[in-house]
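One structure below.
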Amino acid sequence: MLRMTWVQPEDLLGHELRQAAQDGRSPATVAAVAARWRAAGGPQAPDRSGASPAPVSRYLRTLAEDLLDELAELPSPLADAEPTELDRIRALCPDWPAPSAAPSAAAGAVPPAARLEAAWLGRAAGCLLGKPVEKLPLDGIRALARATGNWPLTTWFTARGLPAELAAAHPWNRRSAPTSLAENIDGMPEDDDLDFALLGLLLLHRHGRSFTTDDVARLWLDELPAGRLFTAERVAYRNLLSGVEPPRTARHRNPFREWIGALIRADVHGWTNPGDPGAAAAQAHRDAVLSHTGSGVHAAMFAAAVIAAAAGGGRDVHGCLRAGLAVVPPSSRLARAVRHAVRLAREHAGDAAAFEPVVDALHAEHARYHWVHAVPNTALIAAALTHADGDFTGSVCRAVSGGWDTDSNGATAGSVAGLLAGSPEALPERWTAPLRNRLATTVAGFDGVGFDALGRTTAHLCSPGPRQDQARPARTVLETATS
């Protein structure tokens, strides 16, 4: 039986109830809605998957739709401290960053293609490291790594030597294990964390850095089948097909609007605004609001600003993180979570083993959030980068070993740390050699592309230029950069 994930109203309601509780909407009303749903026999939201195992009656589905709309009408007391609109966000950020004045990082400066190739490689390696343990609980990740002599985490996960009972208790991600365990890696397999970066190149090639949210929507409809989207992006896509226009696409029956999806789309916006975190954050905002609000948008802006600071040629990861915080409303949940995570990482400074209590404290602090929510995952990324002092291996391994959305967190940490490293040669060969300079994807025109070509392409897009012809095929992005 086909159970469409991430869009069925009966599966969305439980997530919306959790979201309503997290942003403080009328506790009495939220409790009454939850009671009505339970009394009618409605299921809980799936914890680790996108759909409940069995269909519900037409009555329950209609009830779920009505209750989703009822919850959406409730105002949130966090709205003033956590706005989604860019002008309101900027008004709350007294330290909004100006472009760097350093010659190597001045606004509009093009970072070397080698630095951007390292960012692509770092994003891919960090993502690939996290793929086999995505969706596993923290204790499972630790048990699998310890059983194979890889704890604290220092290299790829492996099934070699893994006791059968442990493999049964904590099975690898079934879709990813065939291509992401150490013994199986042969190039970078497809992943949405890399697909969205490729789409970012297409977006900038077709529309330049003045693109609109409507341009992002058209790009998705032109280039993405719905099955390649998840959580908030899939709901936004469905909303577009139903005639809902941006930015309402992010709000209409979309309980995933504060999850991590917009953050994983942020890298290109940082890469193409080297040394200008404010411009990167504003660019990421226009992308994010198609599918996200509040913390989901703030996380994308934070990541873009951190990456832009690193792309400008700096080596200080702590300064990059401060640039990220400067574009986030300081009283928001996301800003508080990042500051707390950085403080924990500093208090437990030391080798990789010293990061374990940091992770335990973050999991205790953020237990109320879903494992894909932007707040805990962004906090973990910041903690990993801080504790590793921007070192590549330390950053990706700490980010993945902390659990939650392992592949996405590894990817973002790897992107930042790759930029800080400065070149592919500065990255340890054990991370880059298995990638074989080859990325698999279903994004048209890019399958099998090399990371060196992607570095050159991204460097080309850093320079302001005329808007490209939308009708030209995707492969011309690479042809233009390499000609």
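In this structure, Ile264 and Arg123 have side chains that are in contact, with non-hydrogen atoms separated by less than 4.5 Å. Looking at heavy atoms from C-beta onward, Thr432 lies out of side-chain contact with Phe451 at the 4.5 angstrom threshold. Contact check for Phe256 versus Val372: no side-chain heavy atoms found under the 4.5 Å cut-off. Using a 4.5 Å heavy-atom cutoff, the side chains of Leu454 and Leu201 are in contact. Between Cys127 and Met188, the closest side-chain pair of non-hydrogen atoms falls below 4.5 Å. Ser408 places none of its side-chain heavy atoms less than 4.5 Å from the side chain of Ile381. With a 4.5 Å cut-off on side-chain heavy atoms, Leu129 and Cys397 count as touching. Residues Leu224 and Phe196 have side chains in contact (heavy-atom distance under 4.5 Å, counting atoms from C-beta outward).
When atom types are taken as modelled, the side chain of Ser52 and the backbone of Asp11 share no donor-acceptor pair closer than 3.5 angstrom. Although no hydrogens or angles enter the test, the distance criterion places a donor-acceptor pair under 3.5 Å between the side chain of Arg209 and the main chain of Thr272. Using a distance-only test at 3.5 Å, with no hydrogens or angles considered, a donor-acceptor pair links the side chain of Arg339 to the main chain of Pro330. Remark: the backbone N or O of Ala177 is paired with a side-chain donor or acceptor of Asn184 at under 3.5 angstrom. In this structure, the side chain of His363 engages the main chain of Gly402 through a donor-acceptor pair within 3.5 Å. In this structure, Thr406 contributes its side chain and Gly130 its backbone to a donor-acceptor pair below 3.5 Å. A donor-acceptor contact shorter than 3.5 Å links the side chain of Thr84 to the backbone of Gly294. No donor-acceptor pair closer than 3.5 Å links the side chain of Arg333 to the backbone N or O of Glu82. Counting only distance, with no hydrogens or angles, the side chain of Arg336 and the backbone of Ser331 share a donor-acceptor pair below 3.5 Å. Judged purely by atom type and a 3.5 angstrom limit, Ser242 has no side-chain atom pairing as donor or acceptor with the backbone of Val244.
Residue pairs that meet the salt bridge (Lys or Arg N to Asp or Glu O under 4.0 Å) test with at least one member in residues 385-412, sequence neighbours left out, do not exist here. Listed by first and then second residue, the side-chain hydrogen bond (donor to acceptor under 3.5 Å, both in side chains) pairs involving residues 369-380 are Asn377-Asn409 (not counting sequence neighbours). The ring pair (Phe, Tyr, Trp, His ring centres under 6.0 Å) pairs that include a residue from residues 292-337 number zero, where partners must be two or more places apart or lie in different chains. Judged as a salt bridge (Lys or Arg N to Asp or Glu O under 4.0 Å), the pairs with a partner in residues 124-135 (not counting sequence neighbours) are, in order, Lys131-Asp191. Annotation: salt bridge (Lys or Arg N to Asp or Glu O under 4.0 Å) contacts involving residues 316-329, sequence neighbours excluded, comprise Asp316-Arg322. The list of salt bridge (Lys or Arg N to Asp or Glu O under 4.0 Å) pairs with a residue in residues 283-300, not counting sequence neighbours, reads Arg265-Asp287.
Every residue meeting the side-chain contact (heavy atoms from CB on, under 4.5 Å) condition with Thr212, not counting sequence neighbours, appears here in chain and number order: Asp214, Asp215. Annotation: side-chain contact (heavy atoms from CB on, under 4.5 Å) contacts of Glu65 (sequence neighbours excluded): Pro9, Arg61, Arg253. Legend: residues meeting side-chain contact (heavy atoms from CB on, under 4.5 Å) with Ala119, ordered by chain and number and at least two apart, are Trp271, Ser415, Leu419. Residues that satisfy the salt bridge (charged side-chain N to carboxylate O under 4.0 Å, His left out) test with Glu117, not counting sequence neighbours, are absent from this structure. Not counting sequence neighbours, the partners of Trp156 by the ring-ring contact (aromatic ring centres under 6.0 Å, His included) test are Trp431. Glu85 is linked by a side-chain contact (heavy atoms from CB on, under 4.5 Å) to Pro83, Asp87, Arg88, counting only residues two or more places apart in sequence or in another chain.
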The test is side chain to side chain contact (heavy atoms under 4.5 Å, CB included); show your working for Val443 and Arg228 and say whether it passes. CA-CA 10 Å; Val443 178; Arg228 292 293 177 184; over 6 Å; no

Before you tell me yes or no, could you show the steps for Leu204 and Gln283 under side chain to side chain contact (heavy atoms under 4.5 Å, CB included), namely the whole-Å CA-CA distance, both residues' side-chain angles and the distance that decides it to 0.1 Å? CA-CA 10 Å; Leu204 294 174; Gln283 192 169 297; 3.8 Å; yes

How far apart are the C-alpha atoms of Arg25 and Glu16, what are their side-chain angles, what is the distance that settles it, and do they pass the salt bridge (Lys or Arg N to Asp or Glu O under 4.0 Å) test? CA-CA 11 Å; Arg25 280 175 276 167; Glu16 184 62 41; 2.8 Å; yes

Applying salt bridge (Lys or Arg N to Asp or Glu O under 4.0 Å) to Asp186 and Arg436, what does each step give before you reach the verdict? CA-CA 7 Å; Asp186 183 18; Arg436 311 245 191 262; 2.9 Å; yes

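Contact record, Leu116 with Gly455: CB-O, 4.0 Å, taken as the closest heavy-atom pair. Shortest non-hydrogen contact noted between Gly390 and Ser395 is C-OG, 3.6 Å. For the pair Pro46 and Ser49, the tightest heavy-atom approach, listed with the atom from each and the gap, is CB-O, 3.3 Å. Heavy atoms only, all atoms of each residue included: Gly314 and Leu420 are closest at O-CD2, 3.5 Å. Shortest non-hydrogen contact noted between Glu223 and Ala444 is OE1-CB, 4.0 Å. Summarising the geometry of Val358 relative to His387, their closest heavy-atom pair is CG2-CD2, 4.5 Å, with the distance given to 0.1 Å.
One finds the CG atom of Leu121 at 6.0 Å from the CG atom of Leu435 (value rounded to the nearest 0.5 Å). Here the CG-CZ distance, from Leu13 to Arg18, works out to 12.5 Å after rounding to the nearest 0.5 Å.
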